[in-house]
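As structure tokens, the structure follows; a few thoughts come after it.
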Amino acid sequence: MGWRSTGHPREYRRGRAWSAMALALAAVVVGGVVPHGLLLAAGLVMAALAVNLFDTREQRYGRHRRGRGRDAGGPR
């Protein structure tokens, strides 16, 4: 068999986060250049959502989001 590189651990792979941030930045810039408030606001909301993709605290501490898996926790 061939040699295979393992690459970076999953918590360091942030391609989707950078893509979402670039799209949000483009929407903010276009919304500012072409005075279009809805596009500007949508870009700011997308930027806020993209920032959450950079956060890896859940993986670090082993927490699971509510509703994921059988043992999600919370009141029943």
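Bear in mind that the values here come from a model prediction, so they are computed numbers and not experimental data.
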Which donor-acceptor pairs under 3.5 Å do the side chains of residues 26-42 make with protein atoms, sequence neighbours left out?
residue	atom	partner	partner atom	Å
His36	ND1	Leu39	N	3.2

In this structure, would Trp18 and Val51 fall into the same cluster of hydrophobic residues linked by side-chain contacts under 4.5 Å?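 Hydrophobic grouping puts Trp18 with Val51.
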For Ala47, enumerate each residue passing the side chain to side chain contact (heavy atoms under 4.5 Å, CB included) test, keeping only those at least two apart in sequence or located in another chain.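 Residues passing side chain to side chain contact (heavy atoms under 4.5 Å, CB included) with Ala47: Met21, Ala24.
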Nearest 0.5 angstrom please: Leu25 CG to Leu44 CG, how far?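 Reported to 0.5 Å precision, the distance equals 10.5 Å.
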